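Contents: one structure, followed by commentary.
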There are 4 protein chains.
Amino acid sequence: MASDKKNSQKYQLIIDAAVTVIANHGYHAAQVSKIAKEAGVADGTIYLYFKNKEDILVSLFRTKMGGFISAIEERMETCHNAEEKLWQIVQMHVTQFSAQPKLSIVMQLEMRQSARELRLQINEVLKMYVHLMEDVIRSGKEEGIFNQNLDEKLGRQMLFGTLDEMVTNWVMNDRKYDLRNLSTPAFEMLLAAFKSGSLRKDV
Amino acid sequence: MASDKKNSQKYQLIIDAAVTVIANHGYHAAQVSKIAKEAGVADGTIYLYFKNKEDILVSLFRTKMGGFISAIEERMETCHNAEEKLWQIVQMHVTQFSAQPKLSIVMQLEMRQSARELRLQINEVLKMYVHLMEDVIRSGKEEGIFNQNLDEKLGRQMLFGTLDEMVTNWVMNDRKYDLRNLSTPAFEMLLAAFKSGSLRKDV
Amino acid sequence: MASDKKNSQKYQLIIDAAVTVIANHGYHAAQVSKIAKEAGVADGTIYLYFKNKEDILVSLFRTKMGGFISAIEERMETCHNAEEKLWQIVQMHVTQFSAQPKLSIVMQLEMRQSARELRLQINEVLKMYVHLMEDVIRSGKEEGIFNQNLDEKLGRQMLFGTLDEMVTNWVMNDRKYDLRNLSTPAFEMLLAAFKSGSLRKDV
Amino acid sequence: MASDKKNSQKYQLIIDAAVTVIANHGYHAAQVSKIAKEAGVADGTIYLYFKNKEDILVSLFRTKMGGFISAIEERMETCHNAEEKLWQIVQMHVTQFSAQPKLSIVMQLEMRQSARELRLQINEVLKMYVHLMEDVIRSGKEEGIFNQNLDEKLGRQMLFGTLDEMVTNWVMNDRKYDLRNLSTPAFEMLLAAFKSGSLRKDV
DNA sequence: GATGAATGAGTATTCATTCAT
DNA sequence: AATGAATGAATACTCATTCAT
C-alpha cells in the first residue's frame, strides 16, 4: 500500500509542490496548507499520502537525493578507475545542482533549518552518498592511485565538504556564476589531495 | 553604554546559559525562560541586556566565533609563511572545537536551524573567517608556495568545507574520537591540493 | 468570501460573545480565550472569522452601531419634516440603548477605553451617524423650521453630545431609571435650541 | 505629610511631565519610566510622591480639573443672575481648553482610554463640576429665567454633553479652528433650550 | 478517496513596582 | 531623599492534524 501511494500521481505532485513552496517562501513559511494549495489538493488530502509534515520533507529528500545519487551510481559503472569515478562524482554533483536551481535552494539552504530529528533522517539518506564516496576512495587506494595512508573517512569529508561548500556558496550568491566551471579545478585539487601522501612516499 | 552592557558580568552569564541550554535541549527547545532560569536571572532581566531572543543568539555567535577567529589571527602573526599559516588554521580550528564540546554542538548542529534572518547575521561574522582564509591563500600564491592558478575562493571553499565537515561529523558521532588526530593528515591533503597546479606547471 | 464569513452563524456568535464578556468583565479583561469560551468555540476558530482581536471589536462596533443607525435611517423615511426627524433620532437613540443594556455598557463605557487606532476605526462608523444628524439639521434650515444661522456642526455636536451624555449617565447609574422618559423633554429642549436664533430674528 | 508632598516641587514636576508625555505619546505609551525621564527623576522617585501609576493620573486630573473648576467658580461670584453664570460656564470652559492644547488632548482623548477603576475616580472629581452646573440651572429656575419644568439633571447633561462634544471635536480636528468662536452661538442655543418650556407656558 | 472547518497547545516580551545601596 | 537594576505575571496568535461529511 505504501508503495501504491508512492507511485501515485499525487504523491509526486505534493512533493514537487513542497519544493516550490520551500524554494519560494523559505523553510519556515512552508505551511502544510500552502503546500496543499500549491499542489491543488485539500489540506486533509496531504495526510492520505504522508504520515505528517516531517514525512513530506523526508520523502522529498529521499526522492530527490535518491535520484541524484542513482544518477551518479549509474555513471560509476562506465568508469574504468577511481580517478574517473572521482571525476564523475565532482562533475555530476555540480551539474545536477546547476540544472535544478529550486532544488538547490531547498537542499543547501532551507532544509538545513530543519529540526534535529528530521536531520537525522536526512543523514540516513546521505549515508548512501557517503558510502559511494568512500567506496571510490577505497578503490583508488586499491588501484594504487591514491595514497595508501589516505583515511577513507577523512577523504570523504574533504570530498563532500568541498562540494557542499561550493554549491552552498553558489546558491547564497544567487547563482550568479556558472558552477560547472569549478568542477575541473576542484577535481584536480581533490585528486592531488588524495594522491598527496603517495607523492611524498615516492621520494 | 552598549559596551558597558557587553562587558557586564550578566551579559556573558546569559550567553553562556544560552550555550548550555541549546546544547542540552536543542535549538527549538531553547525558550527565553529556560535560558533565564539557567542563568539564574528573571526573564525580564534578559531584556536589559539583549534586544530580543535573536539578539541573544547573534551575540552568542559573535562573541564565541569572534574569540575563535581572533585566536587564529593572533597565531597568524607568529607564522613566517603561508604553509605555517595554513597549518595554524587547520590546527586551531580543530583544537578549539575539540576543547569546547558544548559550543561545537551549538555551532555545528543547532544554530544552523536558525531562521534565514539570523543566518544572515551569522554569515556577517563568518565573513571575517572567510577573509582570513582567502588572505592566507593569496599570500601562499605570492610566496610561490601555492599554485599560481589556484582560485582563492575555491581554495577557501575547500578549506572551510573540509574543516566544517570534519567537525560536524565528529559532533554527530558524539565526539567519540579525538578530532585533533585529523589535523595533520587534513593539513597535508589541503597543502597538496593548494600546491597541485604548480606541480603540473613545473612539468 | 468575506461576506460569506460575516453572514455565517459563528461570526455573529463570536461578536455576541464579545459583547457579553466585555459587559461582564470589562474591556481590559476581555481576553480572546474568554470570548472563545463564551462563544463555545476554540481559540483558533476566532481567527477563521476575524483577522485579530481588534477586528473582533471593530466588527462588533460596525455591526451593532450599523444596525443602530440603519434603524434610525429607516424611520427617517416615514417623516414629513425635520422636526419629526429630530424626534425620531432622539427617541430611537434612547429607545435602542434602553432595549440593549449589555450593549449600552459596552458602547458607552468599555469600548471608549480602546486604543487610539481602534478608536479611529470606530470614528469612521460614527461618521455615518454624524452625517445623518447634520442632514436633518440642514433640512430643518431649508424648511425654515430651524434658525437660518444655525451652525450645522455645532448643532450636531449639541445633539450628539446631549444624547451621548444622557445614555452614559444612565449606564453609570446602573440603569436605575427609565431612560425613555427623558426623550420628550430632551427633544423639546433641542428643538428650542435649533429654533432659537429664528425667534430673535422675527423680532 | 500628604500635603507636604503635594506642595513639593517634584509633585508638580511629575504631573506636568505626565501631561507632556501623554499628550506627545498617547495614553497607552505613557510608561512610568517615560514620565520619570521627562521629569528628570529616577523611576523609583515617582513612588515617593505617588502611590502608583493610577495615583499620578488621578492627581493629574484632580489638580488640573480642580484649577479649571475653581476658575469658573470664582467667576460665578461676579455674576448677578443665572444667565450670566451660564455664559461664564460656556465661555470659561471653551477658553480654558483653548489656552491649554496639551491638556485638552490629555483630558478629551487620552485619559478616556483609562481603565474603569480610574474613570470612577475621575468622575468623583467631575462631580464638583456637575454640582456647579446643576446649581446654576436651579438658580435659573428660581429666578424665573429658565423653564420651571426643566429637569436639572437633564439640563446639566445637555450643558456638559454639548461643551464636551464641542471640545472633543475641536481636538480631534487638530484644533484647526478657534474654539472660542463657538461660545456665543452655543450659549444662545443652551439658553433657548433652558428657557424653552417657559415660552410655551406663556402662550 | 477527498474535503476543509475546527481544534488547542505553546511562548516572546512589556512594564509597574520594589528595595538594596 | 534618591536611585535604577531587577523582577515576573500575563496573553494574542499560528498551524499541524483530525474527522464528520
Side-chain angles (χ1 to χ4, degrees), chain A residues 1 4-5 8-10 28-37 39-57, chain B residues 4-5 8-10 14 28-37 39-57, chain C residues 4-5 8-10 14 28-37 39-57, chain D residues 4-5 8-10 14 28-37 39-57:
Chain A
M1 198 167 79
D4 279 4
K5 287 193 176 170
S8 112
Q9 206 177 4
K10 281 198 178 156
H28 284 111
Q31 296 91 342
V32 171
S33 61
K34 216 177 261 173
I35 295 172
K37 199 174 181 182
V41 301
D43 292 15
T45 304
I46 298 269
Y47 291 87
L48 297 174
Y49 295 90
F50 299 90
K51 211 167 79 248
N52 51 35
K53 187 181 180 180
E54 187 180 298
D55 190 28
I56 307 176
L57 301 171
Chain B
D4 278 2
K5 286 191 177 170
S8 106
Q9 206 177 359
K10 284 202 175 147
I14 292 165
H28 284 111
Q31 297 92 338
V32 171
S33 61
K34 216 177 262 174
I35 295 172
K37 200 173 181 181
V41 301
D43 292 16
T45 305
I46 298 271
Y47 292 87
L48 296 176
Y49 295 90
F50 299 91
K51 214 166 76 249
N52 50 35
K53 187 181 179 180
E54 186 181 301
D55 191 28
I56 307 176
L57 301 172
Chain C
D4 278 4
K5 288 194 177 168
S8 106
Q9 207 177 0
K10 286 207 174 140
I14 291 165
H28 284 111
Q31 297 92 338
V32 171
S33 60
K34 215 177 262 175
I35 295 172
K37 199 171 183 182
V41 300
D43 292 16
T45 305
I46 299 270
Y47 293 89
L48 296 176
Y49 296 90
F50 300 90
K51 212 165 78 250
N52 49 35
K53 186 179 179 181
E54 186 181 301
D55 190 28
I56 306 176
L57 302 171
Chain D
D4 278 1
K5 287 192 178 170
S8 111
Q9 206 176 2
K10 281 197 179 157
I14 291 165
H28 284 110
Q31 296 89 341
V32 171
S33 61
K34 215 177 264 175
I35 294 172
K37 198 174 182 183
V41 300
D43 292 16
T45 304
I46 298 269
Y47 292 86
L48 297 174
Y49 295 89
F50 298 90
K51 209 164 81 249
N52 49 35
K53 186 179 181 181
E54 188 180 299
D55 190 28
I56 307 175
L57 302 172

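In the text below, chain A, chain B and the rest are named by the order of the sequence lines, each starting its count at 1. A quick note: this is a predicted structure, and the numbers were derived from the prediction, not measured.
Set against E:dA5, E:dG4, F:dA12, the side chain of C:Leu48 has E:dA5 as its closest nucleotide. Of the candidates F:dA16, F:dA1, E:dG8, the closest approach to any side-chain atom of D:Tyr49 belongs to F:dA1. When the nucleotides E:dG4, F:dT17, E:dT7 are ranked by their closest atom to the side chain of C:Val41, E:dT7 comes out on top. Listed nucleotides: E:dA16, E:dT13, E:dA9. Nearest to the side chain of C:Asp43: E:dA9. For C:Lys10, counting side-chain heavy atoms from C-beta on, the closest listed nucleotide (E:dA6, F:dA9, F:dT3) is E:dA6. For B:Tyr47, counting side-chain heavy atoms from C-beta on, the closest listed nucleotide (E:dA5, E:dT13, F:dT7) is E:dT13.
You'll find the side chain of D:Asn52 reaches within 4.5 Å of the side chain of D:Asp55, heavy atoms only.
Residue order along DNA chain E, read from the 5' end via each residue's closest nucleotide, puts A:Gly40 first among B:Gly44 and A:Gly40.
The distance between atom CD of B:Gln31 and atom C1' of E:dT11, rounded to the nearest whole Å, is 7 Å. Taking atom CG of residue A:Asp55 and atom P of nucleotide F:dA16, one finds them 14 Å apart after rounding to whole Å. Between the C1' atom of F:dC15 and the CG atom of A:Asn52 lies a distance of 14 Å, rounded to the nearest Å. In this entry the distance linking CD1 of B:Ile56 with C1' of E:dT11 reads 13 Å, nearest Å. One atom, NZ of C:Lys53, and another, C1' of F:dT14, lie 17 Å apart when rounded to the nearest Å. Look at CD1 on D:Ile35: it is 11 Å from P on E:dT17, rounded to the nearest Å. When rounded to the nearest whole Å, the span between NZ of D:Lys37 and C1' of E:dC15 equals 15 Å. Rounded to whole angstrom, the span from the NE2 atom of A:His28 across to the P atom of F:dA16 amounts to 11 Å.
Although no hydrogens or angles enter the test, the distance criterion places a donor-acceptor pair under 3.5 Å between the side chain of B:Lys53 and the main chain of B:Ala30.
The line from CD1 of D:Ile56 to CD1 of D:Ile14 is 7.0 Å long, rounded to the nearest 0.5 Å. The structure places NZ of A:Lys10 at 5.0 Å from OH of A:Tyr49, a figure rounded to the nearest 0.5 Å.
Under the Watson-Crick or G-U wobble criterion, with both distances below 3.5 Å, E:dG10 is paired with F:dC13. Summarising the base pairing, E:dT21 is matched to F:dA2 through a Watson-Crick or G-U wobble pair whose two defining distances lie under 3.5 Å.
At the heavy-atom level, A:Phe50 lies nowhere under 4.0 Å from the strands shown.
Side-chain nitrogen and oxygen atoms of D:Thr45 include at least one within less than 4.0 Å of the OP1 or OP2 phosphate oxygen of F:dT3.
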